Amino acid sequence: MKVMVAVKRVVDYAVKVRIKADKSGVETSNTKMSMNPFCEIAVEEALRIKEAGRASEVVVVSMGGEQCVETIRTGLAMGADRGLHVITQDSSSLFPLAVAKLLQALVSSEQPRLLLLGKQAIDDDCNQTGQMVAGLLGWPQATFASKVSISDDKESVCVEREVDGGIETIQLQLPAVVTADLRLNTPRYATLPNIMKAKKKSIQRVTPEELNVVIGSDLEVLEVTEPPKRKAGVMVASVDELLDKLKNEARVF
Amino acid sequence: MDYDVVIVGAGPAGLAAAIRLKQLCDREKRELSVCVVEKGAEVGSHILSGNVFEPRSLSELFPDWKKQGAPVEIPVSEDKFWLLSSKHAIPLPSPFRNHGNYVISLSQLVRWLGTKAEELGVEIYPGFSASEVLYDDNRVVGIATNDMGIAKNGSKKSTFQKGMELRGRLTLLAEGCRGYLSEEVIRKYQLRKQSGAQHQTYALGIKEVWEVEESKHRPGFVLHTVGWPLNTKTYGGSFLYHMANRQVAVGLVVALDYQNPYLSPYEEYQRFKQHPSIRPMLEGGKVVQYGARTLNEGGFQSIPKTVFPGGALIGCSAGFVNVPKIKGAHTAMKSGLLAAETAFEQLAKGSEPAKLDSYWERLQNSWIWDELNAARNIRPAFHYGLLPGLAVSAFEHYISKGKLPYTLKHGRPDHLSTEVSKKHKPIDYPKPDGVISFDLLTSLYRSNTNHEHDQPSHLLLRDPSIPEKVNLIDYAGLESRYCPARVYEYIPDENEKLTLQINAQNCLHCKACDIKDPPQNIKWTTPEGAGGPGYSIM
């Protein structure tokens with residue numbers, strides 16, 4: 001069984017994010033980029049499924065400009081077998097629907113039985129791509145996975161999902177889409193020998209045109225601004241003043 | 001894994017050496033495998049420097065660096081030098097000759113050098129800390145990276161990965177100032193004794209990069225100040241350089257032989273920014289990055305023998321900073337070039353074991369030696385105070401240029417220079433205003449520093465009882481003041497007794513604690529790879 005994992009290159013989670021001077025987006029030049037943490041968890045899960053003997057191949061796919069190759073190599077260094085790079089002019093026009101359409105095209109040519117993604121990217125927090133691609137493929141989906149178990153006959157997968165009320169356990173027929181949540185696993189370090197081996201693994205390049213997908217701009221970013229600075233607190237002199245402010249300024253009641 | 005050359009540290013020296021080795025391979029049609037390990041998550045993550053760059057060594061490495069697009073673009077346009085009092089700024093003639101030099105981000109240049117090195121076939125592995133020197137019968141045969149995935153309590157986590165041995169026919173240590181393995185090797189082979197060198201002396205530099213309003217941006221503007229806020233007994237000064245993209249590098253360097261345990265280099269820097277001549281330059285702007293790093297100030301007198309069996313020290317691990325010029329990147333790169341040329345000769349000849357002895361000779365015949373020798377008496381003169389220091393500097397700089405046959409010695413090592421706290425009074429530093437000056441944790445956030453929290457502390461105490469017995473009582477817990485990352489805090493425990501808490505996760509890898517701790521009880525060791533600051537334009 002083949003497992004495909006979609007990964008995204010984002011600003012590293014430890015970096016303090018800055019807005020570009022023209023407010024068109026977040027500054028990414030001279031900024032450390034890394035694989036989205038939830039995507040790392042998805043790659044780790046795919047590797048564990050392969051190590052448990054339930055999968056024969058793990059393919060890592062990413063979309064965007066040239067630098068995506070670094071992110072794919074990280075996946076290969078963790079242990080994935082092959083990489084796929086969908087080259088686009090620039091990464092900023094790749095909104096979830098476009099990514100979902102590209103993944104749909106890749107799935108139809110690669111024919112994986114399981115498509116793993118991170119639940120959301122830490123740059124846009126969309127939490128949409130997994131759901132959309134499942135819809136486009138007509139596949140069952142299990143999002144916010146905190147546990148994934150492929151059945152012995154590799155025909156179904158049992159997933160524990162973290163939902164608001166607790167944990168929901170569902171069983172899906174394969175092929176299926178699963179998105180990874182934080183507690184699914186702890187990703188492994190890429191060891192030096194594996195990083196060295198990864199250099200020899202293949203990364204196939206493909207364009208949206210070759211996949212017959214038109215990347216339409218269904219969304220347009222108007223402006224990106226910093227959240228308003230937290231205002232200083234105000235010392236009140238009496239309980240009456242507090243009640244007055246709560247009622248008339250904060251409008252709490 | 002076996003290599004011909006293993007280099008520890010992907011900084012200016014390490015990468016210059018790696019690149020030169022590969023260039024020689026291309027020229028002489030030979031093959032040598034070169035591996036560089038770097039503890040930062042990316043090449044450049046742990047690089048911090050002023051920086052007014054003298055492109056001399058870069059031109060030796062890549063004569064067409066401009067055409068190749070090296071991020072060295074802003075020539076120095078103005079070179080100012082002020083003596084500050086608390087209210088005034090007195091312009092003095094600039095002792096620097098920065099014509100032909102550039103204002104750069106060294107982190108950015110090092111990243112560029114990294115891509116050039118990889119293009120030439122150098123294998124660079126960021127995210128791996130060299131934590132151990134490998135010896136075979138008194139000869140260095142390589143390094144080992146540290147184990148990853150060890151929990152705070154020392155047990156192995158599910159992500160445990162054993163460290164790896166990287167063996168080299170030759171090993172170059174390019175860890176920067178107060179390098180962890182370099183210090184071990186200097187001690188083991190008594191490299192300072194071998195060259196008759198004095199101890200190394202250091203300073204701590206605290207730096208921010210600001211983004212200022214267009215109207216305030218003067219690309220190539222270079223300013224240095226001395227005087228306020230430091231007193232006449234404390235050596236140091238500030239810098240303010242205008243880079244590209246409306247970015248301004250600004251910082252304060254404080255020599256670590258300061259005597260008052262209540263001094264906080266971080267707070268002195270915050271105070272400096274409020275000076276009436278400095279503040280307007282930053283108003284309306286915002287801080288993009290913050291960081292700190294120690295640098296060598298020992299100069300000529302402190303250069304150890306740079307060659308040991310199986311390898312050599314290059315760059316600031318040996319210590320080639322020209323203190324009066326406040327430049328060390330050019331000499332670091334040159335030392336890398338010299339070591340690489342020697343290494344190539346030896347390995348191409350097939351000598352077993354390969355010896356780098358002629359690197360030490362080449363150093364002494366190079367412009368590094370001439371430069372550092374000419375500048376050797378300037379920093380030590382400040383041991384006598386600010387005014388004698390300025391007087392001797394002027395004399396040496398304009399008249400004698402190091403040619404007179406005297407060599408001033410350094411004072412006591414930095415860790416022995418601190419006086420006990422009862423001889424001093426606490427300094428009442430102004431509160432941060434959140435606009436120009438900031439509290440330390442806000443600044444620390446801007447360094448992008450992080451470490452995997454569930455790992456053993458990389459800051460070791462030789463004797464865990466000493467901080468409360470000595471540092472707290474005699475020196476008022478000075479480490480809680482000089483650390484620019486608030487790693488060391490004295491917190492009352494459940495019995496209201498102050499105990500030391502080490503917040504290793506905050507560490508900026510500056511090495512100030514390893515240098516300044518009076519009982520030399522704190523030992524900086526390298527944490528799990530990929531941790532530490534995330535500098536990109538420092």
Side-chain angles (χ1 to χ4, degrees), chain A residues 9-23 26-35 37 40-41 43-45 47-48 51 66-67 69-71 73-74 77-79 122 183-200 225-226 229-233, chain B residues 1 35 37 40-42 44-45 71 105 107-108 111 118 123-128 145 147-149 157-166 209 211 213-214 244-247 286-290 434 442 444-452 454 528-538:
Chain A
R9 180 182 152 88
V10 297
V11 176
D12 184 87
Y13 77 90
V15 166
K16 181 177 186 298
V17 167
R18 286 183 295 130
I19 312 288
K20 284 192 203 164
D22 61 2
K23 296 196 187 165
V26 161
E27 186 66 73
T28 52
S29 68
N30 286 325
T31 303
K32 175 160 188 263
M33 308 290 279
S34 303
M35 187 188 287
E40 269 187 336
I41 293 173
V43 172
E44 174 63 29
E45 197 58 29
L47 296 172
R48 289 185 187 193
E51 282 158 5
E66 253 331 298
Q67 296 130 320
V69 173
E70 280 166 35
T71 315
R73 288 254 173 252
T74 305
M78 284 170 74
I122 60 171
R183 276 163 281 273
L184 178 56
N185 60 47
T186 306
R188 65 194 61 188
Y189 294 107
T191 60
L192 256 180
N194 281 347
I195 294 177
M196 294 172 184
K197 277 191 219 145
K199 294 192 182 172
K200 305 202 179 74
T225 54
E226 281 184 23
K229 291 255 175 302
R230 203 180 147 191
K231 288 207 272 282
Chain B
M1 291 289 316
C35 169
V37 279
E42 273 190 338
S45 294
S105 153
S107 178
Q108 214 184 351
R111 259 203 313 287
E118 285 192 310
E123 290 177 46
I124 305 182
Y125 297 109
F128 290 94
T145 61
D147 294 340
M148 298 180 68
K157 296 191 286 195
S158 63
T159 49
F160 176 77
Q161 294 284 2
K162 188 128 182 56
M164 211 171 124
E165 289 192 357
L166 293 169
V209 170
E211 201 174 74
E213 294 165 332
E214 189 62 54
N245 301 325
R246 291 189 293 122
Q247 286 173 343
K286 55 178 195 225
V287 180
V288 168
Q289 263 179 25
Y290 159 84
T442 300
L444 188 64
Y445 174 49
R446 296 170 178 147
S447 69
N448 299 326
T449 198
N450 194 25
H451 294 85
E452 162 62 45
D454 190 12
E528 227 177 60
Y535 302 140
S536 56
I537 31 131
M538 296 295 265

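On a predicted model such as this, the values are computed, not experimentally measured, just so you know. We name chains A, B, ... by the order of the sequence lines, and we start the count at 1 in each one.
Contact count versus chain A (heavy atoms, under 4.5 Å) is highest, among B:S536, B:S107, B:S105, for B:S536. The candidate from B:G163, B:G529, B:G149, B:G534 with the greatest count of non-hydrogen atom pairs under 4.5 Å with chain A is B:G149. Listed options B:E42, B:M164, B:Q289 were ranked by heavy-atom pairs under 4.5 angstrom with chain A; first place goes to B:E42. With chain A as the partner, the residue from B:S447, B:G44, B:A41, B:A530 showing the most heavy-atom pairs under 4.5 Å is B:A41.
For B:T159 and B:Q161, the side-chain atoms include no donor-acceptor pair closer than 3.5 Å.
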Could you walk me through whether A:E226 and A:K23 pass the side chain to side chain contact (heavy atoms under 4.5 Å, CB included) check?
CA-CA 9 Å; A:E226 281 184 23; A:K23 296 196 187 165; over 6 Å; no

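For A:P193, the parts lying near chain B are the backbone and the side chain together; criterion is any non-hydrogen pair under 4.5 Å. Only the side chain of B:F128 comes within less than 4.5 Å of a heavy atom in chain A; its backbone stays farther off. Heavy atoms closer than 4.5 Å to chain A are found in the side chain of B:M1, but not in its backbone. With a 4.5 Å cut-off on non-hydrogen atoms, B:K162 does not touch chain A at all.
Using a 4.5 Å cut-off on side-chain heavy atoms (C-beta onward), B:L166 and A:L192 make contact. Within the 4.5 Å cutoff, the side chain of B:E452 has heavy atoms near those of the A:Y189 side chain. Residues A:I195 and A:R73 have side chains not in contact (no heavy-atom distance under 4.5 Å, counting atoms from C-beta outward).
Of the inter-residue distances, the one linking B:Q247 atom CD with B:I537 atom CD1 reads 4.0 Å to the nearest 0.5 angstrom.
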